[in-house]
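Start at 1 with the first residue, then count along the sequence.
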Amino acid sequence: MAEPVLPPPLQSPPERRRFLRETARQAAQSGHVEAVFGCLGYRPHPGQRAFHEARSYPRRVVCTGRRFGKTLGAAMEACCQLLRGDDRGRGVTRTLVLCPVAELSERIFRQVRTSLCRQLGFNPEHLYDTPQRRELVMPWGSSLVCRSAAGEDAVLGEGFDLALLDEAARLPGSVWESVVEPALADREGAAVFLSSPLAFGWFSDLWVRCESEEWPEWWGYRGATAENPTIKRAWLAERQRTVSPEVWRREYLGEFVSLEGTVYPAWTERIHVR
């Protein structure tokens, strides 16, 4: 995806940033997310692009191997949301990021802050960046709220247009049903569940919904680590040689594989019992 072409007078860094700021705002207002990505210099790989293009689904599940680029994709979705809303406060959005621990929500917060504030030069109206509270409020009112599962009670009574649950498989299922989903009701908000798979549990139940015609509002994508072009093929080949087949399928192919109770997966009675 190419960045916007700048006319010669805008080649200086300050003018370039101003042009990209204005273009990104206009593109977000009109729903032209690819133009927003171009302003941010974000070039999604095919798996990330599929995720972004499924934005019309109110529920999206992204189940992938590690280092697929889930966090970056989630941060870019948050950027598009934050850029919406006019200077009078109309159309402003509220985005929630919820992760198992604060360090994970910090990754998305840092990426959003870098993209919007440092790269494009937006000056937030409010900025809180502590382990207890990470929030970013744009001048027109759109906001990003980052929380960990330990601080889930802090969002009770609030409403959001988008909830991004990163490493969702490691969150208690009750967090979605009791805390996050009710917070989307007033604004008819969307939810995105991103995670590498663990053993079968509530996250795998969500994946089943994506494969069922009885849940048309649910969309799912399963991706492998290899889809990320920045991951070296030689490194992946070495991982495949050194880890067990079960770990390879779960951690790098994004498949649901239970490792509990497994002592020696290749064991067979015919070969190993005399």
Side-chain angles (χ1 to χ4, degrees), residues 1-7 9-44 48-60 62 69 71-97 108-128 134-146 155 158-164 183-192 194 217 219:
M1 183 183 303
E3 295 186 15
V5 178
L6 304 180
L10 299 183
Q11 293 299 329
S12 66
E15 289 298 312
R16 175 185 173 87
R17 292 176 75 191
R18 181 182 63 79
F19 173 79
L20 291 177
R21 274 199 308 272
E22 295 175 355
T23 303
R25 281 279 281 145
Q26 295 171 3
Q29 299 289 67
S30 63
H32 191 355
V33 296
E34 289 198 3
V36 176
F37 294 160
C39 293
L40 295 173
Y42 170 54
R43 297 175 176 83
Q48 291 170 322
R49 184 182 297 277
F51 160 61
H52 296 305
E53 290 179 347
R55 189 175 291 101
S56 60
Y57 288 86
R59 302 289 183 261
R60 285 176 284 171
V62 181
T71 298
L72 178 59
M76 294 300 104
E77 286 279 311
C79 286
C80 290
Q81 289 286 98
L82 282 167
L83 290 170
R84 292 173 54 190
D86 63 25
D87 293 333
R88 295 183 179 181
R90 295 175 298 189
V92 299
T93 65
R94 303 196 72 229
T95 300
L96 170 68
V97 173
I108 294 181
F109 182 84
R110 290 271 183 265
Q111 182 63 60
V112 171
R113 183 180 179 184
T114 296
S115 298
L116 297 184
C117 302
R118 297 176 181 173
Q119 185 176 333
L120 295 187
F122 284 105
N123 294 313
E125 185 74 18
H126 300 289
L127 176 65
Y128 306 95
R134 286 192 172 89
E135 297 182 19
L136 177 65
V137 182
M138 304 303 285
W140 46 90
S142 291
S143 60
L144 174 70
V145 177
C146 296
V155 302
E158 298 196 50
F160 298 95
D161 299 275
L162 175 65
L164 299 166
L184 301 174
D186 292 344
R187 294 172 174 257
E188 297 183 351
V192 175
L194 309 106
E217 69 275 20
W219 176 90

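- Checking side-chain atoms of R17 against main-chain N and O of P14 turns up no donor-acceptor pair under 3.5 Å.
- With rounding to the nearest 0.5 angstrom, the CG atom of D186 is 11.5 Å from the CZ atom of F160.
- Of all the heavy atoms in L40 and Q119, the pair that sits closest is O-NE2, 2.6 Å.
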Decide yes or no on side chain to side chain contact (heavy atoms under 4.5 Å, CB included) for L127 and C117, but give the supporting numbers first. CA-CA 11 Å; L127 176 65; C117 302; 6.0 Å; no
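- A donor-acceptor pair under 3.5 Å is absent between the side-chain atoms of R84 and the main chain of S142, judged by distance alone.
- Proximity of D161 to Q81: side-chain heavy atoms (C-beta onward) are separated by under 4.5 Å at one or more points.
- Nearest heavy atom pair, residue A28 against residue L83, reads CB-CB, 3.4 Å.
- Listed by chain and residue number, R25, W140 satisfy the side chain to side chain contact (heavy atoms under 4.5 Å, CB included) test with D87 (two or more places apart in sequence, or in another chain).
- Atoms CD1 and SG, from I108 and C79 in turn, are 10.5 Å apart once rounded to the nearest 0.5 Å.
- Put simply, CG on L116 and CE on M138 are 5.0 Å apart, with the number rounded to the nearest 0.5 Å.
- Minimum heavy-atom separation, T93 to R187: CA-NH1, 4.5 Å.
- Minimum heavy-atom separation, A74 to L194: CB-CD1, 4.0 Å.
- With sequence neighbours left out, the salt bridge (Lys or Arg N to Asp or Glu O under 4.0 Å) criterion links R113 to D129.
- Counting all heavy atoms, side chain and backbone alike, A35 lies closest to A27 at CB-CB, 3.6 Å.
- Put simply, the side chain of S143 does not reach to within 4.5 Å of the side chain of H126, judged on heavy atoms.
- Between Y42 and F37, the angle of the ring planes goes over 60°, which puts this pair in the perpendicular group of the 30/60° scheme.
- Within the 4.5 Å cutoff, the side chain of F122 has no heavy atoms near those of the L82 side chain.
- Between the OG1 atom in T95 and the CG atom in L162 there is a gap of 5.0 Å [rounded to 0.5 Å].
- In this structure A191 satisfies the side chain to side chain contact (heavy atoms under 4.5 Å, CB included) test together with R59, W176, L184, F193, sequence neighbours excluded.
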Pair L144, F109 - check side chain to side chain contact (heavy atoms under 4.5 Å, CB included), show working. CA-CA 8 Å; L144 174 70; F109 182 84; 4.1 Å; yes
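- Residue R134 holds its CZ atom at 15.0 Å from OH of Y128, rounded to the nearest 0.5 Å.
- Qualifying side chain to side chain contact (heavy atoms under 4.5 Å, CB included) partners for E53, counting only residues two or more places apart in sequence or in other chains: E34, R49.
- For the pair P44 and M76, the minimum side-chain heavy-atom distance is 4.5 Å or more.
- For D86, the salt bridge (Lys or Arg N to Asp or Glu O under 4.0 Å) partners at least two apart in sequence or on another chain are R90.
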Report the C-alpha distance between Q26 and H32 in whole Å, list the side-chain angles of each, state the deciding distance to 0.1 Å, and finish with yes or no for side chain to side chain contact (heavy atoms under 4.5 Å, CB included). CA-CA 8 Å; Q26 295 171 3; H32 191 355; over 6 Å; no
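- The structure places CG of N123 at 10.0 Å from CD of E125, a figure rounded to the nearest 0.5 Å.
- Here the closest heavy-atom approach between residue L120 and residue A24 is recorded as CD1-CB, 4.0 Å.
- For E22, the salt bridge (Lys or Arg N to Asp or Glu O under 4.0 Å) partners are R18, not counting sequence neighbours.
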Derivation of the side chain to side chain contact (heavy atoms under 4.5 Å, CB included) call for Q48 and R43: CA-CA 9 Å; Q48 291 170 322; R43 297 175 176 83; over 6 Å; no
